[in-house]
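Each remark here refers to the structure printed beneath this line.
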Amino acid sequence: MPVTAGSALERSGGFERVVRTKVGSPFVIAGMEQAKAADAQVVAGFEANGGFLLGLDVTLGGRPLRALPTRDAVLPILRAHLEQ
């Protein structure tokens, strides 16, 4: 059985809830909205093609990064850069 990023997140035990959706950012965004409506504290989504969707405002390096519920492959790179 292949291990996908979604199944790796589920198996990690580091997340209260992992929501699987159909492929495509509109479906991922809808899943993120459902999670927020259910009072999820941290909401993010991603796609196998590298797209990352941020469902809440966060602070990185002491600076605010507003929610970006659109596909963006730059956010993971930015996050890794700010960690150094």
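What you are looking at is a predicted structure, and each value in this text was computed from that prediction instead of being measured. Count residues from 1 along the sequence.
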Checklist entry - Step by step, would you call Q41 with E16 a side-chain contact (heavy atoms from CB on, under 4.5 Å)? => result CA-CA 10 Å; Q41 298 299 308; E16 185 175 314; over 6 Å; no
Item to check | Side chain proximity check, S25 to L53, heavy atoms < 4.5 angstrom | outcome: yes
Next on the checklist: Checking A40 now: which residues fulfil side chain to side chain contact (heavy atoms under 4.5 Å, CB included) with it, not counting sequence neighbours?
Outcome noted: A35, V43
Next on the checklist: Once salt bridge (charged side-chain N to carboxylate O under 4.0 Å, His left out) is applied, what residue pairs with a partner in residues 23-38 remain, sequence neighbours excluded?
Outcome noted: E33-K36
Next on the checklist: Within this structure, what is the OG1-CD distance for the pair T21 and Q34, rounded to the nearest 0.5 Å?
Outcome noted: 9.5 Å
Item to check | Cluster check V18, F46: I/L/V/M/F/W/Y, side chain < 4.5 angstrom | outcome: yes
Checklist entry - With sequence neighbours excluded, what pairs up with D39 under the salt bridge (charged side-chain N to carboxylate O under 4.0 Å, His left out) test? => result none
Checklist entry - Which atom pair, heavy atoms only, marks the closest approach of R17 to A38? => result NH1-CB, 4.1 Å
